[in-house]
Amino acid sequence: MTTWSAEAPTDPPGRPHDEALRPVRVALVDDQQLVRAGFRMVIDSQPDLEVVLEAGDGEQAVRELDPAARTRTGPVDVVLMDIRMPRMDGLDATARITARGTDEHPAPRVIVLTTFDLDEYVLSAIRAGASGFLLKDAPPEEMLAAIRTVHRGDAVIAPSSTRRLLEHLVTVLPDDSPDADTAPARRAVADLTDREREVFVLMARGRSNTEIAGDLYVAEATVKTHVGRILAKLGARDRVQAVVIAYETGLVRPGA
């Protein structure tokens, strides 16, 4: 699993400090009951994690995760979201759930569960607001680590062969010809300073802040500052979304 940050764990953005002390509240969205039961068993075995909601399809998830409903039953921090489900798929559900977040009621972070056969859906999921993705057959420890990582505000890409997966993804990205969809991203990339561009390329290659600092012979705090400015200029939610922008705009190519 690749984590697109090297920051020390902090209170999740938008969450009060006292909330950070309680277990991470997880929702499971999958149309297979046995899959949900297996995930629940693994997650509930951890003292810092608890499953508080299950849904069998995207429509139910959107309904159950409505901010008004959660004020009565308590917040959900992280959603494990399958893609292929009846009534409403995981892509539509992810977009609706993440779009409803506010400063007062932040949207839960979504981890999309996928397979190599569905790579094109992963890109759509990230665009829809997902904070990362995992293979459905990932080892339990990877799933647990991903939940914790996403909850603290970072983003994850798995499996460990991230470069291979990104190379799959790029086959469904637009070609080099400018279009209306990528024009804003291209302008934002053009606005980066030379140093920010260097850091951005290394981010897109999956390097952590610590590794980038070593590559560029600068302090890690300096890298952290650059990363924050890059995300702000790109209008990117997190490092995963920034990586997609790097590939969409042609700044990074597979194997480069």
Side-chain angles (χ1 to χ4, degrees), residues 3-5 7 9-30 43 48-55 57-83 85 87-114 121-134 143 146-157 184-185 188 227-245:
T3 302
W4 296 91
S5 177
E7 310 308 320
T10 58
D11 293 354
R15 317 280 187 192
H17 177 71
D18 57 342
E19 287 193 19
L21 301 179
R22 62 164 171 74
V24 179
R25 295 165 62 90
V26 180
L28 305 177
V29 185
D30 195 296
I43 293 169
D48 60 328
L49 307 174
E50 63 174 338
V51 175
V52 296
L53 186 151
E54 292 188 29
D57 58 61
E59 185 175 294
Q60 182 185 0
V62 170
R63 185 173 62 251
E64 296 287 344
L65 290 167
D66 179 84
R70 301 315 301 173
T71 59
R72 298 189 299 271
T73 57
V76 168
D77 302 309
V78 178
V79 179
L80 291 182
M81 178 77 72
D82 190 21
I83 288 182
M85 295 179 292
R87 302 176 68 184
M88 181 187 295
D89 65 28
L91 299 181
D92 194 5
T94 295
R96 296 188 186 207
I97 291 168
T98 57
R100 294 188 306 199
T102 64
D103 291 339
E104 185 178 0
H105 300 291
R109 290 182 170 264
V110 178
I111 300 173
V112 168
L113 303 174
T114 186
Y121 292 122
V122 176
L123 179 60
S124 297
I126 292 172
R127 286 170 170 160
S131 293
F133 50 91
L134 286 173
M143 178 182 69
I147 293 171
R148 295 181 178 110
T149 298
V150 165
H151 176 250
R152 71 171 182 250
D154 297 334
V156 295
I157 288 183
V227 170
R229 289 175 178 167
I230 291 166
L231 295 180
K233 287 184 178 181
L234 297 176
R237 181 183 58 258
D238 51 41
R239 293 169 84 117
V240 169
Q241 195 175 46
V243 169
V244 172
I245 291 173

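Just so you know, residue 1 is the first one in the sequence shown, and it goes up from there.
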[X]: what forms a salt bridge (Lys or Arg N to Asp or Glu O under 4.0 Å) with it, not counting sequence neighbours?
| X | answer |
| --- | --- |
| Arg100 | Asp66 |
| Asp89 | none |
| Glu54 | Arg36, Arg40 |

Test item: Val24 and Ile147 side chains (from C-beta on) under 4.5 Å apart, heavy atoms =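 Yes, at least one pair of side-chain atoms sits under 4.5 Å.
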Taking the side chain as every heavy atom from C-beta outward, state whether Leu80 and Ile43 have any atom pair closer than 4.5 Å.
->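 Heavy-atom side-chain distance check passes, below 4.5 Å.
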Would you say Asp82's side chain and Val29's backbone share a donor-acceptor pair under 3.5 angstrom?
->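 Checked: no pair found.
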Measure across [X] and [Y] and return the closest heavy-atom pair with its distance rounded to 0.1 Å.
| X | Y | result |
| --- | --- | --- |
| Ala93 | Gly58 | CB-CA, 3.7 Å |
| Pro67 | His105 | CB-CB, 4.4 Å |
| Ser131 | Val150 | CB-CG1, 4.0 Å |
| Ala242 | Leu231 | CB-CD2, 3.8 Å |
| Val26 | Val76 | C-CG1, 4.3 Å |
| Gly129 | Thr98 | O-CG2, 3.6 Å |

Would you sort out whether Ile111 and Met81 count as a side-chain contact (heavy atoms from CB on, under 4.5 Å), showing the intermediate values?
-> CA-CA 6 Å; Ile111 300 173; Met81 178 77 72; over 6 Å; no
Could you pull out all residues at least two apart from Arg148 that satisfy side chain to side chain donor-acceptor pair (under 3.5 Å)?
->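 Arg148 satisfies side chain to side chain donor-acceptor pair (under 3.5 Å) with Gln46, Asp48 once adjacent residues are dropped.
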Output all residues satisfying side-chain contact (heavy atoms from CB on, under 4.5 Å) with Ala188, sequence neighbours left out; order by chain, then residue number.
->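 Leu234.
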For Glu59, check side-chain contact (heavy atoms from CB on, under 4.5 Å) against everything at least two apart and list the hits.
->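 For Glu59 the side-chain contact (heavy atoms from CB on, under 4.5 Å) partners, ignoring immediate neighbours, are Asp57, Arg63, Arg87, Met88.
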Which of these, Arg109, Arg22, Arg25, sits in a salt bridge (Lys or Arg N to Asp or Glu O under 4.0 Å) with Asp77?
->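 Result for salt bridge (Lys or Arg N to Asp or Glu O under 4.0 Å) with Asp77: Arg22.
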Given side-chain contact (heavy atoms from CB on, under 4.5 Å), test Ile97 with Val62 step by step and report yes or no.
-> CA-CA 6 Å; Ile97 291 168; Val62 170; 4.1 Å; yes
Apply side-chain contact (heavy atoms from CB on, under 4.5 Å) to the pair Leu134 and Val112, showing each step before the final yes or no.
-> CA-CA 6 Å; Leu134 286 173; Val112 168; over 6 Å; no
